[in-house]
Amino acid sequence: QVQLVESGGGLVQAGASLRLSCRASGSTFRSFSMGWFRQVPGKEREIIAVISQSGASTYYTDSVKGRINITRDGAKNTVYLQMSMLKTQDTAVYYCAATSSIGIATQRGGYGYWGQGTQVTVSS
């Protein structure tokens, strides 16, 4: 079992930067690959970025490549999503998720643990 709590969302202007955090508790953090997803009303929850258990491998969906960086800090049991050059279309609820699957999992169904989500709103 692992509990995930996201933070760092908010209202920003287009072009700004924002860092989301997701703190894990309740189990061995290093056992989990971590993913960030986002969802807007009426649409499917989509993968944004994934980082492997060791942090050596990462994945980014095409729409965010070059603007987003996922990292993890084992000492703090926290995974981060650094976002820059934000666009209005980045507005969504952002979710942190954990999977015990080895490597990079990009499908929502592969994740068994989810945070409550944090709202990111980008204004023009």
Side-chain angles (χ1 to χ4, degrees):
Q1 288 280 355
V2 62
Q3 292 78 44
L4 304 173
V5 179
E6 302 100 333
S7 61
L11 172 63
V12 297
Q13 289 191 325
S17 298
L18 201 62
R19 188 177 80 161
L20 305 183
S21 301
C22 172
R23 189 175 186 281
S25 61
S27 191
T28 307
F29 181 62
R30 64 177 181 269
S31 300
F32 296 91
S33 286
M34 303 297 295
W36 283 97
F37 291 73
R38 68 185 180 188
Q39 188 170 23
V40 298
K43 292 191 175 183
E44 292 290 319
R45 191 170 299 185
E46 64 169 346
I47 185 74
I48 297 299
V50 181
I51 188 165
S52 62
Q53 283 89 342
S54 68
S57 299
T58 57
Y59 164 87
Y60 300 95
T61 196
D62 286 344
S63 62
V64 304
K65 281 181 180 177
R67 301 191 297 118
I68 284 182
N69 188 41
I70 186 171
T71 57
R72 63 190 296 160
D73 185 337
K76 296 182 178 180
N77 285 2
T78 300
V79 60
Y80 302 98
L81 190 71
Q82 179 69 49
M83 304 186 290
S84 61
M85 296 181 288
L86 283 164
K87 305 175 182 180
T88 55
Q89 51 264 48
D90 293 318
T91 295
V93 177
Y94 284 70
Y95 295 90
C96 170
T99 176
S100 57
S101 298
I102 301 299
I104 299 294
T106 60
Q107 300 301 313
R108 176 182 178 178
Y111 289 81
Y113 305 98
W114 293 85
Q116 81 288 354
T118 185
Q119 176 71 47
V120 173
T121 303
V122 184
S123 65
S124 59

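Small disclaimer: the values here were computed from a predicted structure and weren't measured.
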Handout entry: Residue pair Ser7, Ser21: steps toward the side-chain contact (heavy atoms from CB on, under 4.5 Å) verdict
Key = CA-CA 5 Å; Ser7 61; Ser21 301; 3.7 Å; yes

Exercise for the section: Take Gln119 and Thr91 through the side-chain contact (heavy atoms from CB on, under 4.5 Å) test and state the conclusion after the steps. Expected result: CA-CA 8 Å; Gln119 176 71 47; Thr91 295; 4.0 Å; yes

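- For Tyr95, the ring-ring contact (aromatic ring centres under 6.0 Å, His included) criterion is met by no residue, not counting sequence neighbours.
- Summarising the geometry, atom CZ belonging to Arg108 is positioned 12.0 Å from atom CD belonging to Glu46; distances are rounded to the nearest 0.5 Å.
- With sequence neighbours left out, the ring-ring contact (aromatic ring centres under 6.0 Å, His included) criterion links Phe37 to Tyr111, Trp114.
- Atom CE of Met34 and atom OG1 of Thr78 lie 9.0 Å apart (nearest 0.5 Å).
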Practice task
Dump the intermediate steps for side-chain contact (heavy atoms from CB on, under 4.5 Å) on Ile102 and Gln53, then the final yes or no.
Solution key: CA-CA 7 Å; Ile102 301 299; Gln53 283 89 342; 3.8 Å; yes

Donor-acceptor pairs are to be reported for all side-chain atoms of residues 61-69 against protein atoms at under 3.5 Å, with residues two or more places apart or in another chain.
{"from": "Asp62", "atom 1": "OD1", "to": "Lys65", "atom 2": "NZ", "distance (Å)": "3.1"}
{"from": "Arg67", "atom 1": "NH1", "to": "Met85", "atom 2": "O", "distance (Å)": "3.1"}
{"from": "Arg67", "atom 1": "NH1", "to": "Asp90", "atom 2": "OD2", "distance (Å)": "2.7"}
{"from": "Arg67", "atom 1": "NH2", "to": "Ser63", "atom 2": "O", "distance (Å)": "3.2"}
{"from": "Arg67", "atom 1": "NH2", "to": "Asp90", "atom 2": "OD1", "distance (Å)": "3.0"}
{"from": "Arg67", "atom 1": "NH2", "to": "Asp90", "atom 2": "OD2", "distance (Å)": "3.4"}
{"from": "Asn69", "atom 1": "OD1", "to": "Tyr60", "atom 2": "OH", "distance (Å)": "3.0"}

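- In this structure, SG in Cys96 is found 5.0 Å from CH2 in Trp36, a value given to the nearest 0.5 Å.
- Between the side chain of Glu6 and the backbone N or O of Gly117, at least one donor-acceptor pair lies under 3.5 Å.
- Remark: the backbone N or O of Gly110 is paired with a side-chain donor or acceptor of Thr99 at under 3.5 angstrom.
- By the ring-ring contact (aromatic ring centres under 6.0 Å, His included) test, Tyr80 pairs with no residue at all, sequence neighbours left out.
- Dense packing is recorded around CD of Gln89, with more than 12 heavy atoms of other residues, nucleotides or ligands lying under 6.0 Å away.
- Put simply, Leu4 and Val93 are part of two different groups of oily side chains (I, L, V, M, F, W, Y) that touch within less than 4.5 Å, one to the next.
- Put simply, CZ on Arg38 and NZ on Lys43 are 9.5 Å apart, with the number rounded to the nearest 0.5 Å.
- Of all the heavy atoms in Phe29 and Ala24, the pair that sits closest is CD1-CB, 3.6 Å.
- Under the 3.5 Å distance criterion, with hydrogens and angles disregarded, no donor-acceptor pair is assigned to the side chains of Ser84 and Gln82.
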Exercise for the section: Tell me, with the steps shown, if Val120 and Met83 meet side-chain contact (heavy atoms from CB on, under 4.5 Å). Expected result: CA-CA 11 Å; Val120 173; Met83 304 186 290; 4.1 Å; yes

For a quick test of your reading: what N or O donor-acceptor pairs under 3.5 Å do the side chains of residues 8-20 make, sequence neighbours left out?
none

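- In plain terms, the two heavy atoms of Ser33 and Gly103 that are nearest each other are OG-O, 2.6 Å.
- For the side-chain contact (heavy atoms from CB on, under 4.5 Å) criterion with Ile51, the lone passing option out of Ile70, Leu81, Ile104 is Ile70.
- In terms of heavy atoms, Ser123 sits closest to Thr88 at C-CG2, 4.0 Å.
- Looking at Arg72, its side chain does come within 3.5 Å of a backbone N or O of Ser52 through a donor-acceptor pair.
- Every side-chain hydrogen bond (donor to acceptor under 3.5 Å, both in side chains) that Arg45 has, sequence neighbours left out, goes to Gln39.
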